[in-house]
Amino acid sequence: MSVSTKVYANLLAICSSKRLDAERLRRIVEAKTVEEAFKMLGDYGYAYTAGSSVDGFIVAETNKLIEFIESASPSDKLKNALLARFKYNNAKLAYKSRFTEVPSDGYYEVDIDSHKIAEGDYSDVDKFMSAALEELDEQKENRPQAIDLALTRAMYALILSCGIMPVKKYFRTEIDLKNILSAARMKRLGISGDEFLNGGRLPRDVLSEAVSSESFAESFEGTRYEEYAENIEQSEFKELWRSELDADDYLFFMTDKEVKNFSSYDPFLNYYTEALVELKTVKTALVCIKTDTRGSFYERIPKLYK
């Protein structure tokens, strides 16, 4: 891949970012109705079809992100890595549809045949997904949480096989942050188990120790996640959604440090992170309007918008 290809892709990503800021978010969340908020979002560059639900709107905007990645990604390996979470989302829904009703508007527009997966035909999926689905079949698994865990592990195995070091660094960090949150949830509930994802830098014994030890944060001393773990412990493991926000900010600012290096993958990864955070934030704003809980929104604004 030429440097010019990567530079061009990064320029496209930069030009597509920064649709929201703190002031625009304030205007959106103070809209009198969801419909009025949708119209504001239209002014800010979002597409909106009258009659869409909040979830339908977010899925439609996510599909635009998927389309951008497919068309602008500087390499197929990067594209496949970044699209994995959307393909595996569809696989999870399709598999669960055998046992329970799943939202029809929850599927993304990606190159994966959900109907085949629902019927037990895995001939067109990647080897990691196929192996996970076949194992779920053998175990006759129908628990949603177990299905999610098995397929999430397979997803990260696929992503980490891409061979692109900056991408592997990014997703290993994401795995570590998710594993710390899992450890915090287990500690809060007083349970133990094998709920950790493979592929991160943190050893499993460190995560297990955090669950069982008196001091959660001490297990992460000397690691890059020391402050993150301390914040979780100081909050007494309450409102872990705040830690999920911190994880998103961590990934954003990690890539933002190198966003001016247009010959690297970091600007594209930074845009990818910002787009995902942006969609979460917009959804939170719309739900707060719908439920008339606007005040709670200001506690849930990511740092990148402050």
Side-chain angles (χ1 to χ4, degrees), residues 1 5-6 8-10 12-13 16-17 46-47 49 52-53 55-98 101-137 144 147-164 166-168 170-171 174-175 197 199 265 267-280 283:
M1 180 204 324
T5 301
K6 203 180 291 184
Y8 180 68
N10 285 330
L12 286 176
S16 300
S17 64
Y46 295 81
T49 302
S52 290
S53 65
D55 287 336
F57 172 79
I58 297 299
V59 169
E61 284 297 322
T62 305
N63 285 332
K64 287 172 60 179
L65 170 62
I66 290 168
E67 183 180 357
F68 179 84
I69 293 169
E70 289 177 334
S71 62
S73 178
S75 78
D76 285 340
K77 288 183 177 179
L78 177 65
K79 177 180 71 175
N80 292 334
L82 299 189
L83 291 180
R85 73 171 74 243
F86 309 113
K87 291 184 178 182
Y88 274 76
N89 168 82
N90 286 11
K92 291 173 185 178
L93 290 177
Y95 198 88
K96 292 175 191 175
S97 70
R98 303 178 189 180
E101 186 175 345
V102 298
S104 59
D105 61 358
Y107 290 94
Y108 299 121
E109 294 177 3
V110 286
D111 183 20
I112 185 171
D113 193 329
S114 300
H115 294 293
K116 279 189 174 182
I117 293 173
E119 294 169 359
D121 180 352
Y122 312 138
S123 57
D124 295 337
V125 304
D126 67 78
K127 65 180 181 180
F128 301 102
M129 184 184 292
S130 178
L133 292 169
E134 288 171 0
E135 186 173 351
L136 289 169
D137 286 345
I147 293 167
D148 286 343
L149 180 60
L151 285 169
T152 300
R153 284 173 172 167
M155 179 193 75
Y156 282 118
L158 170 69
I159 290 171
L160 295 178
S161 71
C162 73
I164 302 174
V167 175
K168 292 170 72 173
Y170 177 95
F171 283 101
E174 184 175 89
I175 291 167
L197 302 169
Y265 284 101
F268 207 91
L269 286 168
N270 186 254
Y271 163 73
Y272 171 76
T273 308
E274 182 188 340
L276 293 175
V277 173
E278 178 184 288
L279 290 170
K280 287 183 186 178
K283 183 175 182 178

Within the structure provided, determine whether I112 and I117 are in side-chain contact (heavy-atom separation under 4.5 Å). yes
Distance, nearest 0.5 Å, that separates CD1 of I69 from CG of L78: 8.0 Å
Flag side-chain contact, heavy atom, 4.5 Å: C162 against F171: no
Tell me, please, which residues at least two apart from S71 pass side chain to side chain contact (heavy atoms under 4.5 Å, CB included). none
Looking only at non-hydrogen atoms, find the nearest pair between S97 and A118 and report the distance. OG-CB, 3.7 Å
Sequence neighbours left out, what passes salt bridge (charged side-chain N to carboxylate O under 4.0 Å, His left out) with K77? Give chain and number order. none
Indicate whether any N or O donor in one side chain lies under 3.5 Å from an N or O acceptor in the other, for S123 and D121. yes
Measure the shortest side-chain to side-chain distance between I159 and N80 over non-hydrogen atoms and say whether it is less than 4.5 angstrom. no
Determine the minimum heavy-atom distance between A13 and F268, stating which atoms define it. CB-CD1, 4.0 Å
Under the side-chain hydrogen bond (donor to acceptor under 3.5 Å, both in side chains) test, residues paired with E109 that sit two or more places apart: none
What heavy-atom pair brings L269 and P166 nearest, and what distance separates the two atoms? CD1-O, 3.9 Å
Contacts of A275 that satisfy side chain to side chain contact (heavy atoms under 4.5 Å, CB included) - sequence neighbours left out: L65, Y271
Compare all side-chain heavy atoms of E70 with those of L83 and state whether any distance is below 4.5 angstrom. yes
Quick one: side-chain hydrogen bond (donor to acceptor under 3.5 Å, both in side chains) partners of S130, sequence neighbours excluded? E134
Return the CG to CD1 distance between L93 and I147, rounded to the nearest 0.5 Å. 10.5 Å
Just grab all the ring-ring contact (aromatic ring centres under 6.0 Å, His included) pairs involving residues 111-136, residues at least two apart or on different chains. none
One should read off an interatomic distance between I175 CD1 and Y170 OH, to the nearest 0.5 angstrom, of 11.5 Å
Residues forming a salt bridge (charged side-chain N to carboxylate O under 4.0 Å, His left out) with K168, sequence neighbours excluded: none
Drop me the distance from N63's CG to I66's CD1, to the nearest 0.5 angstrom. 5.0 Å
According to side chain to side chain contact (heavy atoms under 4.5 Å, CB included), who are the partners of K280, at least two apart in sequence or on a separate chain? D248
Can you list every pair that meets side-chain hydrogen bond (donor to acceptor under 3.5 Å, both in side chains) and has a residue in residues 84-96, with sequence neighbours left out? R85-E174, R85-Y272, Y88-D126, K92-T152, Y95-D137, K96-D148
F68 and L12, any side-chain heavy atoms less than 4.5 Å apart: yes
Go through the structure and list residues passing side chain to side chain contact (heavy atoms under 4.5 Å, CB included) with K64, not counting sequence neighbours. R19, A47, E61
Shortest non-hydrogen contact between S75 and S73, atoms and distance: O-OG, 2.9 Å
Would you please name every residue forming a ring-ring contact (aromatic ring centres under 6.0 Å, His included) with F86, sequence neighbours left out? Y108
Please list, chain by chain and in numerical order, all residues satisfying ring-ring contact (aromatic ring centres under 6.0 Å, His included) with F57, sequence neighbours excluded. F38
Minimum side-chain heavy-atom gap V167-L160 below 4.5 Å: no
